[in-house]
Amino acid sequence: IIFKIVIPVKLFEEKIRPLIELDKIKNTIITSKKVDFLIDKLLKEDIQKQSFNIIAMESYLQLIFIEFARSARKENKGDIEKQLDDYLLYDLQNATLSDFATKIGYNTDYVGKLLRRDYGKSFSQILLEYRLNRVKYLLENSSLLITEISCQVGYNSVAGLYRQFYKYYGMAPLEYRNLYK
C-alpha cells in the first residue's frame, strides 16, 4: 500500500516540521500496525467529521510522522544495536567500551558518541541495565546461586551485585527471587 497525503502548508509548518528532520524521512518505507491504526483513525476522523476532528486529525498526522522519523532513525543506526546485543550476550562478563569498539572496528570515542546518540545513555549505563536485566532473568528462571549469577554477569563480587541490584530495584536479589517462587 502506498499512502500519499497532501497536508496544508500551514499545518505542516506549525505542527509537523518542528517534530522531525525531513531529510531523514524522505523515501522512508515502513510497515507498522501502529501506522496502519493511525491512518485508519485519521481517515475515520475525516469522514465522520465529529467535534474536535481537526485537532484529532492534526494529532494523528503528528503521530504518523513521528513513526516515520523513528523508522528512519532505526534505519540510520545500522547494525550497532544488533552488534551491541550480540557483544553483551557473549561477552557480558568482561564487557568494556574499548573492547566493543575494537570488535566492531571503530574508535572508542566514536562508538561512545553513537551509543549516546542512539540510546541516550553511556556504554556503562547500558551495560549496567543489561547486567541487571540478565540477573533478573536468571533469578526468575534458574536455581543458580547468587554467587554464580554474580560471576556469570560480570560482577567482581557478590556485594557489588547486591549493591547495584538494591539501588536499581529497591530489594535484594534473594527477595526478588522469592517473588517468583
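Nearest approach of Ser150 to Ser157, heavy atoms of both residues: OG-O, 3.4 Å. Closest heavy-atom contact between Leu139 and Arg177: O-NE, 3.3 Å. Contact record, Val111 with Ala101: CG2-CB, 3.7 Å, taken as the closest heavy-atom pair. Summarising the geometry of Arg131 relative to Val153, their closest heavy-atom pair is NE-O, 2.7 Å, with the distance given to 0.1 Å.
Using a 4.5 Å cut-off between side-chain heavy atoms of Ile, Leu, Val, Met, Phe, Trp and Tyr, with links allowed through other members, Leu127 and Leu89 fall into the same hydrophobic cluster. When hydrophobic clusters are built by joining Ile, Leu, Val, Met, Phe, Trp and Tyr residues whose side-chain heavy atoms come closer than 4.5 Å, directly or via intermediates, Leu97 is grouped together with Tyr110. With hydrophobic clusters built from ILVMFWY side chains whose heavy atoms lie under 4.5 angstrom apart, Tyr162 shares a cluster with Tyr137.
The CG atom of Leu161 sits 6.5 Å away from atom CD1 of Ile146, with the distance rounded to the nearest 0.5 Å. Rounded to the nearest 0.5 Å, atoms CG (Leu42) and OG (Ser59) are 10.5 Å apart. Rounding to the nearest 0.5 Å gives a distance of 12.0 Å between CZ of Phe123 and CZ of Arg116. Atom-to-atom distance recorded for Gln83:CD and Leu114:CG is 10.0 Å, nearest 0.5 angstrom.
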Kindly indicate, with the supporting measurements, whether the criterion side chain to side chain donor-acceptor pair (under 3.5 Å) is fulfilled by Tyr169 and Glu175.
CA-CA 10 Å; Tyr169 297 111; Glu175 290 178 82; over 6 Å; no

Carefully, step by step, assess Asp85 and Tyr130 under the rule side chain to side chain donor-acceptor pair (under 3.5 Å).
CA-CA 9 Å; Asp85 285 343; Tyr130 195 93; 5.6 Å; no

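Two residues are said to be in side-chain contact when any heavy atoms from C-beta on lie closer than 4.5 Å; Asn178 and Met171 fail this criterion. Annotation: side chain of Phe100 is in contact with side chain of Ile80 (closest heavy-atom distance under 4.5 Å). Within the 4.5 Å cutoff, side-chain heavy atoms of Gln152 are placed close to those of Leu144. Ile149 places none of its side-chain heavy atoms less than 4.5 Å from the side chain of Leu145. Side-chain contact between Tyr168 and Glu129: present, with at least one pair of heavy atoms (C-beta onward) separated by less than 4.5 Å. Counting only heavy atoms from C-beta outward, the side chains of Tyr87 and Ile104 never approach each other to under 4.5 Å. Within the 4.5 Å cutoff, no side-chain heavy atoms of Val135 are placed close to those of Gln164. Proximity of Leu132 to Leu128: side-chain heavy atoms (C-beta onward) are separated by under 4.5 Å at one or more points.
By the neighbour-count criterion of 12 heavy atoms within 6.0 Å, atom CG of Asn141 is densely surrounded, having more than that number from other residues, nucleotides or ligands.
Salt bridge annotation for Asp86-Lys82: present, with a cationic side-chain nitrogen under 4.0 angstrom from a carboxylate oxygen.
A donor-acceptor pair shorter than 3.5 Å cannot be found between the side chains of Tyr155 and Gln93.
A donor-acceptor contact shorter than 3.5 Å is absent between the side chain of Asp99 and the backbone of Ala95.
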